[in-house]
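One structure below.
Because only heavy atoms are used, hydrogens play no part in the values below, and waters and symmetry mates are left out as well, while side chains stay in. Each ligand, and each atom within it, is numbered from 1 in the order the structure gives. All residue numbers refer to positions in the sequence shown, counting from 1.
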Amino acid sequence: MAHLLIVEDDELLRDGLSAQLMQAGHRITLAEDGHVALERLRTESFDGVVLDLGLPRVDGLAVLRGLRERLPALPVLVLTARDGVEDRVAGLNAGADDYLTKPFSLQELQARLQALLRRANLPAANPSPTGPAGSGALRLEVHPPRLWVGADAVDLTLREWTLLDLLMRHSGQVVSREDVLAAWQAEPGDTSGVASNALEVYVHRLRRKLAGAPLNIRNIRGLGYMLEASGP
Ligand code: CA
């Protein structure tokens, strides 16, 4: 059971979501606008949030930014209007973990939400670079660039290291292709630049190197990549 905050101004949809998620065994708190949502977030603690972006008083993006400042790891599923590609991207950039486009089925929403809650509870989903090097623990070493998986080292190129570091710091969130290219360009001494279509090749190579690690780099079509914990 999780305590969920549903932020939606459409009363019919709000009640539908509430009924569905209560039936799934969750405890539900409702907010009908952004102002109320921020108030609830300040006074109660939640395991996850379903957030409509188009809200009266304080819009969903502002709510998202506000909550991310204090609650960086709280799973947030954003609801966007049909054809709202810009909304979707803005939502993900503001820290949403996933999105659904209206209209959607309640089953789909429940499945996505369940996946977010599960991911939030996986310890490997938030590997810490300074964490203990216990069995299976993940640790990124800077010099030389490599990933420790328990007692096993995976050697990385600088580019692979930068890519993995970026993905690990945003574990469970979408990292856009532009973000990766920008991170690479920020590397000292890198003047060559990387064609956007070469990124696919680097990701493919990194995936192969990570075959023994409990990590999975997911392709989020049209948006970028997401690092997820996989298996034990
Ligand atoms: Ca709305």
Side-chain angles (χ1 to χ4, degrees), residues 1-121 170-179 218 220-226 228:
M1 190 206 76
H3 184 201
L4 304 173
L5 176 64
I6 298 174
V7 191
E8 170 62 66
D9 57 318
D10 181 326
E11 192 179 350
L12 214 59
L13 182 53
R14 192 170 65 233
D15 290 347
L17 288 171
S18 170
Q20 168 90 7
L21 293 169
M22 273 201 278
Q23 200 171 28
H26 298 302
R27 188 153 73 88
I28 303 301
T29 296
L30 299 173
E32 67 277 11
D33 66 45
H35 184 74
V36 172
L38 287 171
E39 194 56 39
R40 297 268 183 276
L41 285 160
R42 194 160 42 234
T43 54
E44 297 177 51
S45 80
F46 297 96
D47 304 302
V49 179
V50 177
L51 177 66
D52 182 31
L53 284 190
L55 291 171
R57 298 178 80 189
V58 178
D59 79 23
L61 277 181
V63 171
L64 186 53
R65 291 197 191 96
L67 82 84
R68 271 292 170 255
E69 279 176 20
R70 282 192 311 116
L71 306 160
L74 181 65
V76 178
L77 176 65
V78 150
L79 308 178
T80 68
R82 196 165 22 158
D83 302 328
V85 180
E86 281 173 25
D87 274 1
R88 221 136 65 210
V89 173
L92 291 167
N93 281 340
D97 297 290
D98 200 357
Y99 66 86
L100 269 179
T101 305
K102 295 178 182 179
F104 51 83
S105 77
L106 291 177
Q107 284 78 7
E108 168 94 32
L109 175 118
Q110 206 179 313
R112 300 278 200 97
L113 198 54
Q114 220 50 57
L116 283 188
L117 295 173
R118 211 164 41 228
R119 209 152 65 205
N121 286 324
H170 298 88
S171 182
Q173 296 171 27
V174 175
V175 173
S176 74
R177 303 171 64 89
E178 290 73 26
D179 288 344
R218 228 176 97 196
I220 309 294
R221 208 175 152 176
L223 291 174
Y225 302 97
M226 192 196 282
E228 290 179 336

Problem - Gly54 near the Ca ion (ligand 1): N/O/S under 3.0 Å - result: yes
Practice task
Check the surroundings of atom CD in Glu44: do more than 12 heavy atoms from other residues, nucleotides or ligands lie under 6.0 Å from it?
Solution key: yes
Handout entry: Enclosure of Glu108 CD (heavy-atom neighbours >12, cutoff 6.0 Å)
Key = yes
Handout entry: Test: Lys102 and Asp52 ion pair at under 4.0 Å
Key = yes
Exercise for the section: Using only N, O or S atoms, tell me which atom of Asp9 is closest to the Ca ion (ligand 1). Expected result: OD1
Exercise for the section: Go through the side-chain N and O atoms of Thr29 and His3 and say whether any donor and acceptor fall under 3.5 Å apart. Expected result: yes
Exercise for the section: Examine all N, O or S atoms of Asp10, backbone included, and report whether one is under 3.0 Å from the Ca ion (ligand 1). Expected result: no
Handout entry: Proximal heteroatom of Asp52 relative to the Ca ion (ligand 1) (N/O/S)
Key = OD2
